[in-house]
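Being a predicted model, the structure only gives us computed values, none of them experimental. No hydrogens, no waters, no symmetry mates; every other heavy atom, side chains included, goes into these values. We count ligands from 1, going down the list as the structure has it; atoms in each ligand are counted the same way.
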Amino acid sequence: MDRQMEPELMEDPVQVKAYAEADFEIPHQQFIDRLQEFVAEPDFNGAALDLGCGPGDICVRFAKAFPLSTLDAVDGSEAMLEYAKTFTAPIKDRIRLIHGRLPFVILPQQFYAIILSNSLLHHLPDPLALWQTIKRYAKPGTRVAVMDLLRPASREAAAALVETYASHEAEILRRDFYHSLLAAFTLEEIEAQLRETELPLRIEQISDRHVFIKGIIS
Ligand SMILES: C[S@@+](CC[C@H](N)C(=O)[O-])C[C@H]1O[C@@H](n2cnc3c(N)ncnc32)[C@H](O)[C@@H]1O
């Protein structure tokens with residue numbers, strides 16, 4: 001099945017509210033657990049960067065997992081950042097929210113020691129926007145962790161995943177999940193993106209719908 005893109009930024013207030021209030025406890029905590037295992041440095045006290053931070057749930061989990069860290073978190077949607085502002089308010093001294101769009105955003109730091117991104121890649125018309133931004137703000141030793149959806153083989157397979165994992169969710173979230181699956185990349189496409197940008201990252205399929213990409217920049 002060919003990729004069918006969805007709108008890049010999430011700006012529709014109804015969609016943003018539904019996403020911000022949805023329960024992502026399991027996939028988001030799994031992402032942070034994997035990241036923690038990979039970084040293996042609970043006392044990490046450097047600067048991290050979250051690309052496509054959305055309403056900030058991952059930011060809060062990251063800040064809890066690495067209590068000595070600081071985090072710059074970027075999103076192109078003002079509506080998402082409004083939620084992020086509320087969710088991250090209790091730890092606002094360690095999280096800086098930045099309104100900006102990849103690949104054009106200019107970030108306040110030259111380099112970051114950890115760069116993370118969850119569920120951004122499938123939104124991008126040009127996926128190289130993510131990989132080029134990572135390259136630009138990484139230095140030797142930067143740990144990179146990216147998680148995203150994988151595109152199933154057919155619309156029927158996508159619909160079946162929605163039934164399996166989102167049957168109890170609101171219709172708007174089910175619809176978003178379906179369109180995100182159609183917009184996601186395959187393992188082979190992600191491999192080609194990493195080859196093109198010469199990023200030494202490893203790709204692992206971690207479930208029937210998720211890919212985890214990680215590595216240390218040399
Ligand atoms: C599915 S949400 C994921 C949010 C968050 N990372 C999470 O896991 O909950 C994707 C986010 O990426 C943002 N986004 C899409 N394209 C972007 C771009 N080029 N630059 C910055 N943000 C972008 C959207 O506005 C949206 O908030």
Engineer: In terms of side-chain geometry, is the basic nitrogen of Glu171 or Arg175 positioned less than 4.0 Å from the acidic oxygen of its partner?
Structural biologist: no
Engineer: Please confirm whether the ring centroid of Tyr19 lies under 6.0 Å from the ring centroid of Tyr83.
Structural biologist: no
Engineer: Check this for me, if you would: do Glu189 and Arg3 make a salt bridge, where the nitrogen-to-carboxylate-oxygen distance has to be below 4.0 angstrom?
Structural biologist: no
Engineer: Using the ring of Tyr165 (Phe, Tyr or Trp, six-membered ring only), decide whether Arg209 places NZ or CZ under 6.0 Å from its centre and within 45 degrees of its axis.
Structural biologist: yes
Engineer: Quick one: does any side-chain atom of Arg101 pair with a main-chain N or O of Asp75 as donor and acceptor, under 3.5 Å?
Structural biologist: no
Engineer: Could Glu25 and Arg61 be called an ion pair, given the rule that one side-chain N must be under 4.0 Å from one carboxylate O?
Structural biologist: yes
Engineer: Between ligand 1 and the protein, which N/O pairs are shorter than 3.5 Å?
Structural biologist:
| residue | atom | partner | partner atom | Å |
| --- | --- | --- | --- | --- |
| ligand 1 | 6 (N) | Gly52 | O | 2.6 |
| ligand 1 | 6 (N) | Asn118 | O | 2.8 |
| ligand 1 | 8 (O) | His28 | NE2 | 3.4 |
| ligand 1 | 8 (O) | Asn118 | O | 3.4 |
| ligand 1 | 8 (O) | Asn118 | ND2 | 2.7 |
| ligand 1 | 9 (O) | Tyr19 | OH | 2.9 |
| ligand 1 | 19 (N) | Glu8 | OE2 | 2.6 |
| ligand 1 | 19 (N) | Leu102 | O | 3.1 |
| ligand 1 | 20 (N) | Leu102 | N | 2.9 |
| ligand 1 | 22 (N) | Gly76 | N | 3.1 |
| ligand 1 | 25 (O) | Met10 | N | 3.1 |
| ligand 1 | 25 (O) | Asp75 | OD1 | 2.8 |
| ligand 1 | 27 (O) | Asp75 | OD1 | 3.2 |
| ligand 1 | 27 (O) | Asp75 | OD2 | 2.7 |

